[in-house]
Peer 1: 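After the structure tokens below, expect a handful of questions from me.
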Amino acid sequence: MTKTVVVVGTQWGDEGKGKITDYLAQSADIVARYQGGNNAGHTIEFKGKQFKLRLIPSGVFSAEKVILGNGMVINPESLLEEMAYLNEEGVSTDHIRVSNRAHVIFPYHIEIDGLQEELKGDQKVGTTKRGIGPCYADKYARFGIRIGDMMDKETFAEILKENIEAKNRLLARHGKPTFNFEELLEKYSAYAKQISPYVTDTSYELDEAFKSGKKVLFEGAQGVMLDIDHGTYPFVTSSNPSAGAVTTGLGVGPTKIEEVIGVVKAYSTRVGEGAFPTEIEGPNADRIREIGREYGTVTGRPRRIGWFDSVVVSHTRRVSGLTGISINLLDVLSGIDTLKLCTAYELDGKEIKFVPSTIREFERCKPVYEEMPGWHEGITGVSSYEELPVAAQNYLRRIEELVGAPIAIFSVGPDRDQTILMKQLF
Ligand code: GDP
Ligand code: IMO
Ligand code: MG
């Protein structure tokens with residue numbers, strides 16, 4: 001029986017990773033997140049309740065322990081707010097562990113995120129403006145402040161002062177609001193105190209879990225097309241959602257990874273800017289957006305809609321080593337006469353089946369489509385593959401074939417119960 005499973009987004013995020021993580025967490029012991037921050041937004045539904053999570057792993061409802069790994073960037077204010085929200089809903093947060101090596105997002109990161117977008121003008125990324133990029137930039141510039149640093153008031157004061165001085169110089173130069181050291185120190189020292197009971201060496205905790213034979217689910221945020229290395233650079237996020245980042249983002253060896261499940265939306269969506277070859281507008285897009293509730297969890301922006309793109313998901317299969325896929329939101333496609341699937345791109349008169357490395361080339365890619373008949377029956381109540389209309393079965397099988405990874409799960413509605421497991425994972 002498998003002991004570790006990674007859940008990874010295969011497209012541009014919002015594939016329903018939260019739902020699948022919550023579902024699989026019912027049979028896991030530990031759920032650990034390895035990258036990103038509160039740019040993520042997951043909607044989870046069960047027993048007639050709906051939850052929205054950003055920072056806290058979607059396994060929080062079932063796992064005995066949930067970990068926010070060192071590869072994450074953590075806004076302490078958001079973390080505490082999210083904990084309070086869960087507590088109000090009757091969900092315990094005592095089993096949360098936060099890595100002492102994770103980097104901290106401060107208000108100046110958020111201000112700089114906005115400034116950088118402004119300076120980019122029409123080349124803006126369309127970020128979630130949560131300070132994600134500037135925080136990771138500080139990490140790699142070896143200028144960042146980690147959760148562990150906040151735990152010691154003297155050290156914290158010293159590095160926060162240096163950081164604020166540098167950031168204020170930059171912000172003032174652009175006529176932006178600056179930050180008061182004393183105020184920020186006081187506020188964030190109070191946060192540090194509140195968070196301290198949860199802070200630990202999470203790599204050590206995971207090692208202990210492996211030694212005692214626990215089942216561990218690794219939860220990715222965003223999607224591989226937003227990966228800083230493998231996505232549509234520069235219209236990407238600032239971390240590696242790809243499965244490989246589990247190792248560095250949690251301090252776990254690559255030998256520990258067994259199954260990698262890519263979460264696939266039965267069509268495509270994207271929030272923010274950047275090329276999107278299969279994007280559509282018009283009645284089909286509007287229908288999908290309304291039925292699929294395709295509005296951003298974090299920013300409320302309407303998501304851009306497109307047909308399923310097998311070049312994208314095959315790219316993810318390769319760079320993340322998918323051992324299986326979960327096809328979500330299949331129900332949203334009920335009622336569309338003809339479905340289109342992108343099987344290749346035409347780039348400058350040549351047919352290609354890979355994602356080109358530059359955004360200039362990606363922008364010139366035209367989708368090559370094949371068409372399949374759709375189905376009109378509602379499928380939100382099906383509980384097995386056999387109950388699906390034949391056209392829906394064929395659509396799933398064609399995706400499996402085009403991507404080159406077997407279907408492990410499919411999903412026909414937002415609720416935990418509307419999930420069909422095709423392969424036992426834990
Ligand atoms: P994540 O960021 O990958 O966790 O995905 P989001 O939660 O941002 O977006 C997925 C949306 O689709 C949420 O509103 C989910 O409740 C919803 N959802 C997930 N799976 C299904 C499904 O199979 N059918 C339908 N109709 N909605 C789903
Ligand atoms: P989940 O986990 C969809 C997008 C933003 C923007 C780009 C960079 O819910 O799938 P950032 O704020 O990260 O610097 O923005 O990435 N983005 C997401 N899109 N789902 C997400 O997370 C996203 N997180 C970031 O819209 O285009
Ligand atoms: Mg989301």
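Counting starts at 1 for both ligands and their atoms, in listed order. Along the sequence shown, the residues carry numbers beginning at 1.
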Peer 1: Is the distance between the ring centroids of Y188 and F106 less than 6.0 Å?
Peer 2: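 Judged by ring-centre distance (under 6.0 Å), Y188 and F106 do meet the cut-off.
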Peer 1: Please compare H42, R293, E45, Q50 and report which has the shortest non-hydrogen distance to atom 1 (P) of ligand 1.
Peer 2: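 That would be H42.
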Peer 1: Does V332 approach ligand 1 within less than 4.0 angstrom via side chain, backbone, both or neither, non-hydrogen atoms only?
Peer 2: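 Side chain only.
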Peer 1: Say whether T127, considering both its backbone and side-chain N or O atoms, lies within less than 3.5 Å of an N or O atom on ligand 2.
Peer 2: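 N/O-N/O distance below 3.5 Å does not exist for this pair.
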Peer 1: Can you tell me which portion of L329 lies within the under-4.0 Å heavy-atom range of ligand 1? Options are side chain, backbone, both, or neither.
Peer 2: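 Both parts.
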Peer 1: Between I291 and ligand 1, does any nitrogen or oxygen pair lie at a separation below 3.5 Å?
Peer 2: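 The answer is no, given that I291 and ligand 1 share no N or O pair closer than 3.5 Å.
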Peer 1: N/O of G41 under 3.5 Å from N/O of ligand 2, yes or no?
Peer 2: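 Between G41 and ligand 2, an N or O pair is found under 3.5 Å apart.
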Peer 1: Does any N, O or S atom in A221 come within less than 2.8 Å of the Mg ion (ligand 3)?
Peer 2: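 Checking the Mg ion (ligand 3) against A221, no N, O or S atom falls under 2.8 Å.
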Peer 1: For atom 6 (C) of ligand 2, which of the options G126, S239, G16 provides the nearest non-hydrogen atom?
Peer 2: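 Considering heavy atoms of G126, S239, G16, the nearest to atom 6 (C) of ligand 2 sits in G126.
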Peer 1: Answer side chain, backbone, both or neither: which part of R303 comes under 4.0 Å from ligand 1, heavy atoms only.
Peer 2: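 The answer is the side chain of R303.
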Peer 1: Using the rule side-chain contact (heavy atoms from CB on, under 4.5 Å), only one of T316, V236, V313 pairs with V224; which is it?
Peer 2: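 Per the side-chain contact (heavy atoms from CB on, under 4.5 Å) rule, the option paired with V224 is T316, out of T316, V236, V313.
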Peer 1: Can you check the angle at the Mg ion (ligand 3) formed by O of G41 and OD1 of D14? Round it to the nearest 10°.
Peer 2: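 It rounds to 160°.
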